[in-house]
There are 2 protein chains.
Amino acid sequence: MSDALRPLTRPRLYEQVVAQLREHVADQGLKAGDRLPPERELAERLGVSRASIKQAIVVLEVQGLVDVRHGGGTYLRKDTLHSEPVEHLVDRRRRLPDVLDARDALETKLAALAAQRRTPEDLAAIDAALAEMRAQVDRGESGEDGDRRFHEAVTVAAHSGLLAHFMRQITEPIAESRRESLRQPGRPPRSLAQHERIADAIRAGDARAAMRAMHRHVETVSRVRLLNWDPENEAG
Amino acid sequence: MSDALRPLTRPRLYEQVVAQLREHVADQGLKAGDRLPPERELAERLGVSRASIKQAIVVLEVQGLVDVRHGGGTYLRKDTLHSEPVEHLVDRRRRLPDVLDARDALETKLAALAAQRRTPEDLAAIDAALAEMRAQVDRGESGEDGDRRFHEAVTVAAHSGLLAHFMRQITEPIAESRRESLRQPGRPPRSLAQHERIADAIRAGDARAAMRAMHRHVETVSRVRLLNWDPENEAG
DNA sequence: GCCTCCCGACAGGCTCAGCCACTTGGCCAC
DNA sequence: GTGGCCAAGTGGCTGAGCCTGTCGGGAGGC
């Protein structure tokens, strides 16, 4: 996973324009509701074509930071143009503890909701994932696939679109820490047992027990991960 | 708050192009790693200018759905171009229960982390917010501003960039439910008392107590909000 | 036969000039 | 005061064109 040989791509012009606009808003102390300069003026002042200005404004528009009115101008919707896309927060290895905190927050609640809301179909999906994991572990494999499917099934069973959306944003770093955790000697069978306890609580409709079981599970994974984690020398 | 007289805005061309691209990917069964047709070809086939195609592709690019290589073509990064921006999940009134679930998940964890990680400065900010709320409530106001500042201060004290990011995504619906809750007769003083209990636990460094206090608080707000909430006739 | 290098086709990056569509505000007739 | 009208300003979109980067295949050297 070396980043050393990534093909280097030059920054897009529109990205620089976005940066300039952010700066302008900060410098001028513009607030929500204020109007940005007209596109033609921006193009002239930044020395780029109107098309590039337009691309930058489209970016801000889809991020909900700006409100563009045909014939009327472009208006701020927030007091700042900074949006901090999740990727920036998630991609960097340094942020891994953050991801684990977020995972605990989300999955604990998801387990509780799943216990309250699971349909028979949800339960079947959870059991199927568990069966897959058990089969894999019995064969001496890590059970990673079943593990992933289990958490996905619990997420679905919670029937909360927003929480599911948040979970999706941290899918990749979670998968990574899962892989690492399951590589620990003797870990797969214990992990399986933890998952079974979670499933039991969800099946019983016991939200508090589901929360506790899930919390303990996430805590275990976090501990393993954090032990191996060195913020200075992050060889993956 | 009537939506009846909202100025009607025509859909942007680039949005239609994005939709067409999604459809194309689905129809052709394109997968991650596959290449999209060249911009010039898309422009011709869709009967729009290349600039519009470009805007659409920029949108997909900032959403991380597509990888654009200068001179090399545009490649899919996922098996689909659908992204489900949070706004769609958050804006609709129907999703309010989801927001409240998410709030419980996030703020409960934030309170626990704040109890463990708060610096003296964090505590000072929390106390300042609490003092403002108390002053407002004493004057017979709702204390909404202090309330908001309190939760922001707790979020900062938790020192988790990711959780803070998630919180920001549901700021607005939360503010709305807060307003509604504080309008209930006799609610502001009780809310103040709940906030003080949370602050006490954070000051004491008692993560479990902070969790419990925050959970109870969020639960109270949710109950008020849900009572008034009618999914069929959603007059705001 | 194999490797290297170079070139040309093709891809996206960006600009320029211009016209269309919509908003706004002021002026005028009523 | 009301409504219609017009002009200026602003975003929406186009088309042609040139630049820069990528990639594959053929010419030439070994």
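Each chain gets a letter, A, B and so on, in the order its sequence line appears, and its residues count up from 1.
- Atom CD of E41(B) and atom P of dA9(C) are 19 Å apart (whole Å).
- Counting heavy atoms from C-beta on, the side chains of L100(A) and V218(A) never come closer than 4.5 Å.
- Evaluation of the side chain to side chain donor-acceptor pair (under 3.5 Å) rule for E41(B) yields R45(B) as partners, not counting sequence neighbours.
- Note: CD (Q16(B)) to C1' (dG12(D)) measures 12 Å, nearest angstrom.
- With hydrogens and angles ignored, the 3.5 Å screen pairs no side-chain donor or acceptor of D101(B) with any backbone N or O of D98(B).
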For nucleotides 6-11 of chain D, just jot down a letter per nucleotide in 5' to 3' order: B, S or -, based on protein non-hydrogen atoms under 4.0 Å.
---BBB

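- Within the structure, a side-chain polar atom (N or O) of S52(A) is placed less than 4.0 Å from OP1 or OP2 of dT15(C).
- Counting only distance, with no hydrogens or angles, the side chain of T171(A) and the backbone of R168(A) share a donor-acceptor pair below 3.5 Å.
- Taking atom CG of residue L13(A) and atom P of nucleotide dT20(D), one finds them 14 Å apart after rounding to whole Å.
- Summarising the geometry, the separation between CG on D67(B) and P on dT22(D) is reported as 12 Å, rounded to the nearest angstrom.
- At whole-Å resolution of the value, OH in Y14(B) and P in dG12(D) are 9 Å apart.
- Residue L42(B) contributes atom CG, which lies 17 Å from atom C1' of dC13(D) at whole-angstrom precision.
- For the pair T155(B) (side chain) and H151(B) (backbone), a donor-acceptor distance under 3.5 Å is present.
- Following rounding to the nearest Å, Q55(A) (CD) and dG12(C) (P) show an atom-to-atom distance of 13 Å.
- A donor-acceptor contact shorter than 3.5 Å links the side chain of T108(B) to the backbone of D104(B).
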